[in-house]
Amino acid sequence: MTLRLVPVALCLMVFLASCSKKDDSTRYIPKDAIGVISINTGQLVQKVGLSMLSGSPMLKEMTRGAGGDTAHFDLEKTGLQYLTTVYAYAVPDMRLPSKSRFQVLLPLKDAEKFRAFLKEQFKEAKITTKDKFSFATLNPNICVGWDKETAIVAATTAQREWTEDGTMKPAADNSTLLTEEIEKTFGLQKDQSLLTNDKFTALMKAGHDIGVWMNYEALTNAMPQEELGQAGTVLASQKKLIKDAFLAGGIDFEKGKITGDARYYFNPSVKGIASALEVKSVNNDLLGKVPGSQMNLMLSHHFNPQGIRALVDTIGMLPLATTALKEINLSFDDILNAFSGDFLLAFTDFKVTTESESYTLAGSSVNYTKPVPSFKAVLSMKIKDKTAFDKLLQTVVSNGLLSPGATPNTYMIGGSMTLATDGAYVVASNEAGVATSFLQTSGNKAFNIPSEVKSNPSGFFLDVKNSINSVPLDLLYGKEDSSVFHDGKQLFESVKAYGGKLDGDHTEMHFEATFQNKDENSLLQLIRFGQKVVEAEKKMGDSVDDVLPGDQEEASPAEAADSTAVAPSI
């Protein structure tokens with residue numbers, strides 16, 4: 001029952017339809033908010049259609065799980081304003097065990113209807129009036145306050161402790177504190193509002209379907225230093241690294257794809273570090289050396305190692321780092337000069353085959369199908385100064401972190417990973433042969449990687465469709481899971497992200513999840529997939545065939561699999 005009003009209210013806002021009014025509730029968001037999420041319900045309804053949303057089994061499941069039933073809701077009687085933007089945000093509050101509280105802003109169309117809605121849906125709610133404000137205590141950790149135009153939901157996570165005799169202590173009653181904070185929020189002065197931050201207002205004007213805002217300074221201040229450990233000590237002494245550091249991002253649901261854009265703003269005093277870390281050109285030598293014919297996942301990053309010196313020096317750790325490295329006969333320059341700053345993690349040629357195995361249970365032999373995944377994994381770096389790298393490598397070997405391998409210039413990491421080098425590159429892999437192949441390969445052009453991923457300081461690519469294509473349906477635990485996975489294999493095509501270039505006071509990243517169906521809105525496709533998940537759980541077929549669609553040619557069970565077997569529980 002805890003926090004049940006929040007999902008109900010947010011659901012209802014998305015499914016309403018009427019004329020919108022100008023939204024001005026952002027004035028109630030304080031400038032020290034840790035994070036803010038905005039949901040533009042008007043745009044979402046326009047993109048997917050109200051009828052599709054209102055008829056969704058997910059809505060019924062969500063409202064039922066929140067303590068209600070859609071059949072009992074008359075949307076007009078909620079009193080909520082239609083087709084506007086809903087804001088949810090977190091603010092630091094050191095008086096609470098969780099060190100923060102959450103608030104949701106809900107624009108109202110009719111305050112009296114909203115009061116009646118609360119009284120009907122929350123029979124035990126305590127409703128009071130003070131001046132022009134009304135307040136409702138739904139439980140010790142959820143309170144609502146409203147005037148004629150806006151409702152504010154304030155909530156905190158219930159913290160309960162065990163007594164010495166093994167019983168649980170009653171949850172602390174935070175209703176008075178939450179009610180007082182709601183009243184203070186209504187009286188928030190403009191100069192204390194997040195609207196004074198031009199970076200936040202720019203994000204809101206961008207009009208994303210979902211907006212995301214993060215204040216790193218507020219986040220760090222809200223986290224107890226003892227939980228951050230050594231990192232907390234460093235951050236506490238170097239507040240300028242995170243002062244006025246913000247993340248402003250947005251997510252949009254388009255036809256055939258979900259797109260996301262994010263900007264990381266840094267304090268002007270940190271620009272020197274950012275400039276020192278930035279690379280002027282991206283080197284793709286590593287990508288051309290990866291062995292294989294199918295790229296499943298890749299993560300690349302390029303930076304100037306000399307920027308690390310600027311960072312360490314700024315936080316005052318350079319003398320300490322120099323002293324520590326001197327004890328193992330290394331210098332800071334040895335590490336910085338060893339690598340060019342080009343890194344690549346790649347997984348290729350992923351596939352799943354099957355093996356039939358058996359075990360004995362109560363004297364009887366039970367057969368089952370075992371999945372056998374295989375792939376090539378490489379983590380590679382380009383060497384800048386071979387002398388500096390060799391010195392670093394020998395130090396690592398002498399300290400027992402690496403052991404010599406079976407062939408020259410190869411080393412073992414633990415008992416399963418191999419590290420190899422030829423003086424120009426160093427690579428770690430899950431197989432010795434793959435590491436050797438990486439050093440011998442040059443100019444592999446088999447991979448179809450988006451150009452934006454390859455041309456930016458940071459790049460990520462995941463080929464979803466081809467990576468999961470070889471996974472047999474009958475390896476899953478239950479026919480309903482097989483049905484869902486069958487539909488899921490036809491949903492996403494790929495995911496990519498790229499960015500990291502310095503632009504004034506910020507760097508940018510772009511994200512894109514591409515769907516196989518390019519003609520339909522991505523949110524609508526997700527809703528339909530969610531409906532299939534709900535429907536699959538209700539099917540009671542005796543075999544996988546009973547719950548799969550009619551055309552199963554592309555998803556037929558693997559030849560080696562025994563579809564009637566059940567994997568043993570471990």
Side-chain angles (χ1 to χ4, degrees), residues 199 202-203 206 208 212 214 216 245-252 254 256-266 270-290 292 294-308 310-311 336 339-348 377-384 425-427 438 442-467 492-515:
K199 298 175 177 61
L203 173 63
H208 294 290
V212 179
M214 181 69 70
Y216 287 94
F246 309 110
L247 176 69
I251 300 172
D252 296 286
E254 309 296 345
K257 63 182 179 180
I258 300 173
T259 62
D261 292 281
R263 283 187 174 184
Y264 173 74
Y265 294 94
F266 46 81
V270 186
K271 186 173 181 178
I273 298 176
S275 299
L277 287 168
E278 185 181 25
V279 293
K280 303 304 179 183
S281 62
V282 174
N283 191 319
N284 284 304
D285 289 355
L286 295 173
L287 184 59
K289 296 182 70 61
V290 175
Q294 172 62 51
M295 178 66 73
N296 303 111
L297 181 150
M298 65 152 285
L299 175 64
S300 62
H301 187 60
H302 308 266
F303 73 99
N304 183 355
Q306 295 301 321
I308 297 179
L311 174 62
L336 297 182
F339 303 102
S340 67
D342 301 307
F343 292 81
L344 175 69
L345 173 67
F347 292 86
T348 63
V378 296
L379 172 62
S380 57
M381 294 162 277
K382 188 174 183 179
I383 297 172
K384 179 181 179 182
Y425 302 91
V426 59
V427 57
F438 176 91
S442 179
N444 185 357
K445 298 181 180 180
F447 306 129
N448 184 21
I449 308 297
S451 59
E452 315 95 299
V453 174
K454 296 187 292 184
S455 62
N456 277 276
S458 296
F460 172 85
F461 177 70
L462 171 63
D463 189 332
V464 181
K465 180 179 178 180
N466 290 316
S467 295
F492 287 101
E493 183 173 274
S494 64
V495 178
K496 66 180 179 180
Y498 54 87
K501 293 182 179 179
L502 185 64
D503 185 4
D505 62 349
H506 67 273
T507 60
E508 296 190 12
M509 288 292 295
H510 177 78
F511 161 87
E512 196 168 300
T514 305
F515 287 62

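Excluded from the calculations below are hydrogen atoms, water molecules and symmetry mates; all remaining heavy atoms, backbone and side chain alike, are included.
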As an exercise, state the distance from [atom1] of [X] to [atom2] of [Y], rounded to the nearest 0.5 Å.
X: Gln294; Y: Ser467; atom1: CD; atom2: OG; answer: 6.0 Å
X: Leu344; Y: Leu299; atom1: CG; atom2: CG; answer: 8.0 Å
X: Lys257; Y: Ser494; atom1: NZ; atom2: OG; answer: 11.0 Å
X: Leu286; Y: Tyr425; atom1: CG; atom2: OH; answer: 6.5 Å
X: Ser442; Y: Lys289; atom1: OG; atom2: NZ; answer: 5.5 Å
X: Leu462; Y: Asn296; atom1: CG; atom2: CG; answer: 8.0 Å

Does some side-chain heavy atom of [Y] sit less than 4.5 Å from a side-chain heavy atom of [X]?
X: Lys501; Y: Thr507; answer: no
X: Phe339; Y: Met381; answer: yes
X: Leu502; Y: Ser275; answer: yes
X: Phe515; Y: Ile258; answer: yes
X: Glu508; Y: Asp261; answer: no
X: Ser380; Y: Phe438; answer: yes

- Is there a side chain to side chain contact (heavy atoms under 4.5 Å, CB included) between Tyr265 and Leu247 once you walk through the steps? CA-CA 6 Å; Tyr265 294 94; Leu247 176 69; over 6 Å; no

- Message: Keeping Asp463 on the side-chain end and Asn466 on the backbone end, is there a donor-acceptor pair under 3.5 Å?
- Response: yes

Heavy-atom pair with the smallest gap, counting every atom of [X] and [Y]:
X: Asn444; Y: Gly292; value: ND2-O, 3.1 Å
X: Asn284; Y: Lys454; value: ND2-O, 3.1 Å
X: Ser340; Y: Pro305; value: O-CD, 3.5 Å
X: His208; Y: Asp252; value: ND1-OD2, 2.7 Å
X: Phe447; Y: Val290; value: CE1-O, 3.5 Å
X: Val378; Y: Val427; value: CB-CG2, 3.9 Å

- Task: Test Val464 against Val495 for side chain to side chain contact (heavy atoms under 4.5 Å, CB included), laying out the working first.
- Result: CA-CA 7 Å; Val464 181; Val495 178; 4.2 Å; yes

- Step by step, would you call Leu287 with Met298 a side chain to side chain contact (heavy atoms under 4.5 Å, CB included)? CA-CA 9 Å; Leu287 184 59; Met298 65 152 285; 4.2 Å; yes

- Item | Glu493: side chain to side chain donor-acceptor pair (under 3.5 Å) partners, not counting sequence neighbours |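 Glu493: side chain to side chain donor-acceptor pair (under 3.5 Å) contacts with Lys518.
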
- Aromatic centroids of Tyr264 and Tyr216 separated by under 6.0 Å: yes

Taking side-chain contact (heavy atoms from CB on, under 4.5 Å) as the definition, give me every residue that meets it alongside [X], ordered by chain and number, with sequence neighbours left out.
X: Asn304; value: Gln306
X: Lys496; value: Pro450, Glu452, Val453, Phe461, Tyr498, Glu512
X: Ile308; value: Leu277, Phe303, Val312, Phe332, Leu336

- Task: Decide side chain to side chain contact (heavy atoms under 4.5 Å, CB included) for Ser455 and Val282; before the verdict, give the C-alpha distance in whole Å, the side-chain angles of both, and the deciding distance to 0.1 Å.
- Result: CA-CA 6 Å; Ser455 62; Val282 174; 5.8 Å; no

- For Asn448, look at atom CG and say whether over 12 heavy atoms of other residues, nucleotides or ligands are found less than 6.0 Å away.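 Open: at most 12 neighbouring heavy atoms sit under 6.0 Å from CG of Asn448.
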
- The salt bridge (Lys or Arg N to Asp or Glu O under 4.0 Å) partners of Lys280 (sequence neighbours excluded) come to Glu278

- Task: State which residues pass salt bridge (Lys or Arg N to Asp or Glu O under 4.0 Å) with Lys382; sequence neighbours excluded, sorted by chain then number.
- Result: Asp285

- Query: Taking Phe246 as the fixed residue, which of His506, Arg263, Lys199, Met214 is the one that meets the side-chain contact (heavy atoms from CB on, under 4.5 Å) rule?
  - Reply: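 Only one of His506, Arg263, Lys199, Met214 forms a side-chain contact (heavy atoms from CB on, under 4.5 Å) with Phe246, namely Lys199.
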
